[in-house]
Amino acid sequence: MIQIYEPQNIEAKWQKVWTETGAFRTPTANEWHDRPKYYVLDMFPYPSGEGLHVGHPKGYTATDIIARMRRMQGYNVLHPMGWDAFGLPAERAADRYNMHPAAITKRNIDTFRRSLQRMGFSYDWAREINTSAPDYYQWTQWIFKKLFKKGLAYMADVPVNWCPALGTVLSNEEVQDGKYVETGDPVERRLMRQWMLKITAYADRLLSDLDELDWPESLKEMQRNWIGKSVGATIRFHIQNSEARFEVFTTRPDTLFGATYCVLAPEHPLVKQITTPAQQAAVEAYVQQSINRSDLDRTAQQEKTGVFTGAYAINPATEQPIPIWVADYVLVSYGEGAIMGVPGHDERDYEFAQKFGLPIITVVDGGQSSVAEAAYTDEGMAVNSAFLNGLHTVEAKERMTQWLEETGKGRQQIQYRLRDWLFSRQRYWGEPFPIVHLEDGSTVAVPDAELPVLLPDIDDRTPQSFDKPPLSRADAEWLMVTLPDGRVGLRETNTMPQWAGSCWYYLRFVDPHNTQAPWGAAEEAYWMPVDLYVGGAEHAVLHLLYARFWHKVLYDCGLVTTKEPFQQLFNQGMIGAYSYRNRAGKYFHRDNVIAQDDAWVVRATGEPVATQLEKMSKSKLNVYNLDDIIAEYGADSLRLYELFIGPISASTPWNMDGIDGVQRFLHKVWRLIIDADTGAVNSQINAGLSMQGTELERPLHKTIKGVTESIESIDKMNTAVSRMMEFINTASQYAADANAQIPSGIIKAFVRLLAPFAPHLAEELWARLGEQQLVSLAAWPQYDEELVQDEMIQVPIQINGRLRDVMTVAAGTDNKTLESLALSNQKVVRHLNGDAVKRVIVVPGKLVNIIH
RNA sequence: GGGUCGGUGGCGGAAUGGCAGACGCAGCGGACUUAAAAUCCGCCGGGUUAACACCUGUGUGGGUUCGAAUCCCACCCGACCUACCA
């Protein structure tokens, strides 16, 4: 018999028992009965080659604890795990090691799975999915066909973000400051024929349905900003002495009388047509230069630039000619690619007009200073605006919009910042499109019966040029297709982006082995929506917006029963670690630096290093490897510490010192229950003794309430650990008296509370306490509201709001008694020093405040 | 520039209108031990004090309230997101 707590000896043992007994198998339809359901999901990981560090399992630990508690509370729980397995890194690693991406992916998945299993997470591994497996991506292709059939997937020549280093295009969301967000490789603009998904058709619903979701406000706000709805008007401008015309979008139609010039984006099709011969050379040079410039250069420039076209437009309100300019501060991809310049009331237009000497006039009154000095962009009273004069901005907008519609010069318009989703990639390791290009130039979908379109095996998967993706080098057998009706064509050779598989994986989990459909209708209706979804905030506008979009399309197809996929969402904070870097930028491992006089230096050389809290990464030498820590402390201590370190939502630094505290706690639990000499249950734990009325009864009920509520809050599970520590401290002090007896019912209730947090230890103790069933499947303890209250409570006494004493009284003491007790309190009498009492505030059970 | 969240001991944090610093780490003192580890007990925001006590304290300044870390206003600092979106 083991006598002290040794996690290495019990963790593998219970993991085996859980697997062999199918303890965490998800109930199937005939087992649902009338119990409530709970679907708790982690954002599934991309199985990278780096393996798992201690930052990864923070969210997984939180979801595991809630899954385990819900199971014990009698819920039917769906708690699955899988792999987002297509993607660039595996393909690049495959090139480097001369392996197939599928082999790399399998190896990484095996590593990830082994680490997660060692953590003791209660996933139903029978439901594991892999987005790169043909029996999964068959259905990704099937869903793409739904989008295609609804006209939501189309091909277009679009300016794309081409990354020469990667040999592929990237979505707008993957590019920032002219670089690929993952690797920092530069990205350039290029016009290419690409697959697009019409997410903009769902912009309004993606926006309005956010309101009903139980998501962090910050995240909803990010999505709202990303969608970027603007209400305004489209206004038509005619070119002077010409049939040509163009439209502009504005959110301030009320300022039309103040439009003193117009600007077209360099890419605007009208530029060539209207430029006067005298301006032609300058305009062409400017346009050419702008088009070649990367987004980085365009946004980095401080000053506005632009060139006059020589042409004039007629302001439809004033009927006056105003000059038309070309400038790259106007984006071709937003609105109409053209604007009216109102320098008096728009900062950008003001800056532009200042630089090029264009007239600035006031049409909204209300500014402190003249528009000659700065643009006035707030609301106010319309002036110099004919029929708008005297109207407030809100009414003026309405009146102008009405006038535009009546006169046919414009109309009300809603614009979204959201663009359609660039959905194709020129890489190998992704889902092939289920699409065939026919000789006549049309595209058709591959029949369902021929899905999946398998990834062809090709020898050279490396990207070569922008118009020849790897799949175009597949053999003719794969490339050439004869449809059932005899028509022939070529397969699409782009692949889908990594986001595709994660757009619907939560649906596959409800019925992962279905070969006839992506999921069964009954299973979907039962388990959806996901009750709790936990993951990092970095997916706020990518994965979460794409998945919501696909879900709404599936809803419109009648394939899912909920409008939204994820009812409650939580962002776990990042666990970072300190890194150490010398002046040259070289990183040092924490073992090679030492603290010296409030600073850090390299141990061997004494060279000073700067320390910084950063995301864990191999290159920064600040990783704490998951397997190492499990080996040293055990999974239970690590699980506990992942939570104890702070709220789930908070970002906190990893500090190895703190884990000793939670491990001491687990040792203490063990020592309280197990006799160190025999390994049997401590003789002080008495199975025959009722817990009713015993000294530990009230602390236990308080602990049950505290722990239950902490878990339900999700964010504050750190306080659940504190509550259990408090209980064990109390119980240990009670047991310090060798004659003290503890009812085993109290201990068993505590072990059940501990079970979600430290499941291996809890199982071991539960078995040693003589229980035959698993504690993981035992009933969650209930608390009695009466017993949560202490019999005697501490009531502070304040004089003029300052604490003077604390009295101990029976709970439920009435206000009159509290008041008289306070007034006769010795310290109070001394402080009052005979002064008359003006008023006494008594908050029952809380405090007494005496005002004098 | 805009948005969101935050700022509490040496450190991670607790307290969301009622005893600030729970719980833990680190530190200091003690017990046990030949010694150490483990364990147990005590102290642990700052100041004045021999002590009892008293004062002060949650980024800064104001306000509301009998009472503010908590609510309101202004400012400072930090993190994340976003950024010529008309």
Side-chain angles (χ1 to χ4, degrees), chain A residues 4 176-177 216-226 228-230 232 248-252 255 263 265 298-299 301-302 304 327-331 333-342 345-349 351-352 377 415-419 537-538 540-541 571 573-574 576 613 640-641 644-647 649-662 664-665 667-668 671 676 716 718-729 732-733 736 794-806 827 830-831 838-843 845-852:
Chain A
I4 60 163
Q176 208 171 15
D177 297 336
E217 194 51 40
S218 60
L219 204 141
K220 287 196 202 181
E221 201 54 31
M222 274 191 234
Q223 292 218 344
R224 287 190 191 109
N225 290 341
W226 197 262
K229 180 177 181 172
S230 304
V248 304
F249 173 72
T250 178
T251 55
R252 294 293 300 271
T255 63
V263 180
R298 278 206 201 183
T299 49
Q301 82 187 359
Q302 299 292 316
K304 295 260 181 298
D328 68 2
Y329 83 93
V330 174
L331 309 175
S333 51
Y334 184 76
E336 305 295 334
I339 61 150
M340 61 183 200
V342 185
H345 306 284
D346 181 286
E347 278 165 19
R348 296 152 302 184
D349 296 345
E351 201 189 317
F352 191 78
T377 57
Q415 274 293 337
Y416 297 94
R417 207 188 72 116
L418 185 71
R419 313 288 156 79
E538 65 272 20
V541 286
N571 287 132
M574 187 186 72
L613 187 59
L640 225 47
Y641 188 53
F644 189 62
I645 198 165
S649 60
S651 289
T652 34
W654 185 262
N655 173 0
M656 246 10 257
D657 291 336
I659 198 170
D660 290 328
V662 293
R664 271 175 218 154
F665 162 68
H667 276 288
K668 204 165 177 177
R671 282 198 311 273
K716 309 230 69 172
N718 54 334
T719 61
V721 181
S722 300
R723 292 294 166 84
M724 291 190 290
M725 286 174 167
E726 283 174 307
F727 178 80
I728 287 300
N729 289 344
S732 297
Q733 264 152 30
Q794 311 276 307
V795 176
I797 309 172
Q798 295 181 340
I799 297 177
N800 289 344
R802 302 170 87 95
L803 180 72
R804 292 305 173 189
D805 201 9
V806 177
K827 288 184 184 172
R830 202 180 71 218
H831 270 97
K838 277 191 199 146
R839 195 176 154 196
V840 180
I841 291 147
V842 181
V843 185
K846 292 277 189 181
L847 101 169
V848 180
N849 190 6
I850 298 161
I851 315 303
H852 78 101

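The basis for the numbers below is simple: all heavy atoms, side chains too, and nothing from hydrogens, waters or symmetry mates.
Between A/N800 and B/G67 there is no side-chain N or O to OP1 or OP2 distance below 4.0 Å. Considering only side-chain N and O atoms, A/R417 lies under 4.0 angstrom from the phosphate OP1 or OP2 of B/A83. Residue A/K304 places no side-chain N or O under 4.0 Å from the OP1 or OP2 atom of B/C84. OP1 and OP2 of B/C81 both lie 4.0 Å or more from every side-chain N or O belonging to A/Q223.
Across all strands, A/N718 comes closer than 4.0 Å only to sugar-phosphate atoms, never to a base (heavy-atom distances). Within 4.0 Å (heavy atoms only), A/I339 reaches at least one base atom of the nucleic acid. Counting any heavy atom pair closer than 4.0 Å across all strands shown, A/I841 reaches a base atom. Note on A/P647: only backbone sugar-phosphate atoms sit closer than 4.0 angstrom, heavy atoms only; bases stay farther off. Nucleic acid contact for A/S230: sugar-phosphate only, since backbone atoms but no base atoms lie under 4.0 Å from a heavy atom of the residue.
If you check B/G3, B/G18, B/C40 against the side chain of A/R671, the one that comes closest is B/C40. Checking B/G3, B/A14, B/A86 against every side-chain atom of A/E221, the shortest atom distance belongs to B/G3. You'll find that the side chain of A/Q794 is closest to B/C19, out of B/G18, B/G3, B/C19.
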For this session: Please assess A/I851 against A/V840 for the test side-chain contact (heavy atoms from CB on, under 4.5 Å), listing each intermediate value before the final yes or no.
Result: CA-CA 6 Å; A/I851 315 303; A/V840 180; over 6 Å; no

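Among A/V806, A/I797, A/D805, the single residue meeting the side-chain contact (heavy atoms from CB on, under 4.5 Å) criterion with A/K827 is A/D805.
Taking atom CD of residue A/Q798 and atom P of nucleotide B/G17, one finds them 16 Å apart after rounding to whole Å. Between the CD1 atom of A/I851 and the P atom of B/G67 there is a distance of 7 Å, given to the nearest Å. The interatomic distance linking A/E538 (CD) with B/A79 (C1') rounds to 15 Å, in whole Å. What separates NZ of A/K846 from C1' of B/G17 is a distance of 10 Å, to the nearest Å. Atom NE2 of A/H852 is separated from atom P of B/G67 by 13 Å (rounded to the nearest Å). If you measure from atom CG of A/N849 to atom P of B/C19, you get 12 Å, rounded to the nearest angstrom. Separating the CH2 atom of A/W226 from the P atom of B/U4 is a distance of 18 Å, rounded to the nearest angstrom. For A/R224 and B/C81, the CZ to C1' distance is 15 Å, given to the nearest whole Å.
Taken to the nearest 0.5 Å, the CD atom of A/E221 stands 9.0 Å off from the OG atom of A/S218. A/D349 CG to A/R252 CZ: the interatomic distance, rounded to the nearest 0.5 Å, is 11.5 Å.
Under the 3.5 Å distance criterion, the side-chain polar atoms of A/N571 are left unmatched by any main-chain donor or acceptor of A/S649.
A stem is defined here as three or more consecutive Watson-Crick or G-U pairs, each with both distances under 3.5 Å; for RNA chain B these stems are B:1-7 with B:76-82, B:10-12 with B:23-25, B:27-31 with B:39-43, B:45-48 with B:53-56, B:59-63 with B:71-75.
Nearest heavy atom pair, residue A/M725 against residue A/V662, reads CE-CG1, 3.9 Å. The two residues A/F249 and A/E336 make their nearest non-hydrogen contact at N-CG, 3.9 Å. Nearest heavy-atom pair, A/T251 versus A/S230, reported as atom, atom and distance to 0.1 Å: CG2-CB, 3.8 Å.
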Report each atom pair, protein N/O against N/O of nucleotides 47-54 of chain B, whose distance is under 3.5 angstrom.
from	atom 1	to	atom 2	distance (Å)
B/C54	OP1	A/H831	NE2	3.4

Please list, for nucleotides 23-29 of chain B, all pairs of protein and nucleotide N/O atoms separated by less than 3.5 Å.
from	atom 1	to	atom 2	distance (Å)
B/G24	OP1	A/N729	ND2	3.0
B/C25	OP1	A/R664	NH1	2.4

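By the rule that a glycosidic angle within 90° of 0 means syn, B/G42 does not qualify and counts as anti.
Taking the ring centre of A/Y329 as origin, the terminal cationic atom of A/K304 falls inside the region bounded by 6.0 Å and 45° from the ring axis.
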